[in-house]
J.: 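Sharing a structure, written as structure tokens. Questions coming.
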Amino acid sequence: MQQLGYPNSVALARGLGVVTLVCVALYVSPGTSVLGAILLSGLFGGAMASHLRVGNPLFSHFLFGAYLGVIVWGGLWLRDARLRTLLPWRRAP
């Protein structure tokens, strides 16, 4: 936490963990999976901003949140037919 410029607090780390678990629980549940994916994307974006601010390496630290976001949305696209019709892989003839 200190390397990213945040206070070295157990309560802050625990709070971030709880927020992450809530977002993952929303993502896993079929009824709220899109909301969970949106919230996880925001969480990953915040992590990317923190790594950008302190000047961490691009591919190993900064873009790791983008990699996870692609995995989250790709997994949701694979399991949700509504999302596949909204965002088709290729155009219908």
Side-chain angles (χ1 to χ4, degrees):
M1 298 288 282
Q2 284 181 330
Q3 291 175 348
L4 293 175
Y6 296 107
N8 193 11
S9 167
V10 174
L12 180 61
R14 188 174 293 133
L16 285 173
V18 168
V19 167
T20 303
L21 287 175
V22 168
C23 292
V24 168
L26 289 171
Y27 175 72
V28 170
S29 175
T32 59
S33 58
V34 174
L35 175 62
I38 291 170
L39 292 175
L40 283 171
S41 297
L43 187 71
F44 298 149
M48 289 173 63
S50 294
H51 285 293
L52 178 67
R53 186 174 54 84
V54 296
N56 280 335
L58 178 67
F59 293 106
S60 62
H61 290 71
F62 175 68
L63 288 178
F64 187 72
Y67 303 149
L68 289 176
V70 167
I71 290 170
V72 164
W73 282 100
L76 185 60
W77 186 84
L78 287 173
R79 75 177 195 186
D80 192 346
R82 295 174 301 162
L83 191 59
R84 284 193 303 272
T85 58
L86 182 65
L87 302 169
W89 183 259
R90 52 189 147 152
R91 295 180 188 256

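If you read the sequence from its start, that first residue is 1, and numbering goes on from there. Only this structure's heavy atoms are used, side chains among them; waters, hydrogens and symmetry mates stay out.
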J.: Establish whether L86 and V34 are linked, either directly or via other cluster members, by ILVMFWY side-chain heavy-atom contacts under 4.5 Å.
T.: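 Same cluster: L86 reaches V34 through Ile, Leu, Val, Met, Phe, Trp or Tyr contacts under 4.5 Å.
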J.: Around atom CZ of R82, are there more than 12 heavy atoms of other residues, nucleotides or ligands at under 6.0 Å?
T.: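 No, not enclosed.
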J.: If you take all heavy atoms of G36 and L26, which pair is closest and at what distance?
T.: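 It is CA-CB, 3.8 Å.
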J.: According to salt bridge (charged side-chain N to carboxylate O under 4.0 Å, His left out), who are the partners of R14, at least two apart in sequence or on a separate chain?
T.: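 R14: no salt bridge (charged side-chain N to carboxylate O under 4.0 Å, His left out) contacts found.
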J.: Provide the closest heavy-atom pair for L52 versus F62 in the form atom of the first, atom of the second, distance.
T.: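 Where L52 meets F62 most closely, the heavy atoms are CB-CE1, 3.6 Å.
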J.: For residues L12 and L21: do they belong to one hydrophobic cluster (side chain heavy atoms under 4.5 Å, members Ile, Leu, Val, Met, Phe, Trp, Tyr)?
T.: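 No; L21 is not reachable from L12 via cluster members.
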J.: Just how far is it from atom CG of N8 to atom CD of Q3, taken to the nearest 0.5 Å?
T.: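 One gets 10.5 Å once the value is rounded to the nearest 0.5 Å.
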J.: Nearest heavy-atom pair of W73 and S41: which atoms, and what distance?
T.: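 Looks like NE1-OG, 2.7 Å.
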J.: Go through it in stages, so that I can follow the logic: the residues are L43 and T20, the test is side chain to side chain contact (heavy atoms under 4.5 Å, CB included), and I'd like the CA-CA distance, side-chain angles, deciding distance and then a yes or no.
T.: CA-CA 8 Å; L43 187 71; T20 303; 3.3 Å; yes
J.: Hey, what do you get for CZ (R84) to CZ (R79), rounding to the nearest 0.5 Å?
T.: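 Taking CZ in R84 and CZ in R79, the distance rounds to 11.0 Å.
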J.: State which residues pass side chain to side chain contact (heavy atoms under 4.5 Å, CB included) with V70; sequence neighbours excluded, sorted by chain then number.
T.: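 Listed in chain order: nothing, the list is empty.
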J.: Rounded to the nearest 0.5 Å, how far apart are CG of L39 and CZ of F44?
T.: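 Here the rounded value is 11.0 Å.
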J.: Minimum heavy-atom separation for S33 and Y27, please, with both atom names.
T.: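 That closest heavy-atom pairing would be CB-O, 3.3 Å.
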J.: Using the rule that two of Ile, Leu, Val, Met, Phe, Trp, Tyr join whenever any of their side-chain heavy atoms come within less than 4.5 Å, decide whether L76 and V28 are in one cluster.
T.: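 Yes, L76 connects to V28 through the hydrophobic network.
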J.: Of all residues at least two apart in sequence or in a different chain, which pass the side chain to side chain contact (heavy atoms under 4.5 Å, CB included) check with A66?
T.: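 A66 satisfies side chain to side chain contact (heavy atoms under 4.5 Å, CB included) with M48, L63 once adjacent residues are dropped.
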J.: Hydrophobic clustering (ILVMFWY, side-chain heavy atoms < 4.5 Å, transitive) - are L87 and L40 grouped together?
T.: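 Shared cluster, yes.
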J.: Answer with yes or no whether the hydrophobic clustering places L78 together with L35; edges join I, L, V, M, F, W, Y residues whose side-chain heavy atoms lie under 4.5 Å apart.
T.: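 No, L78 does not connect to L35 through the hydrophobic network.
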J.: Keeping the roles fixed (side chain from S50, backbone from G46), state whether a donor-acceptor pair exists under 3.5 Å.
T.: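 Yes; judged by distance alone, with no hydrogens or angles, the pair exists.
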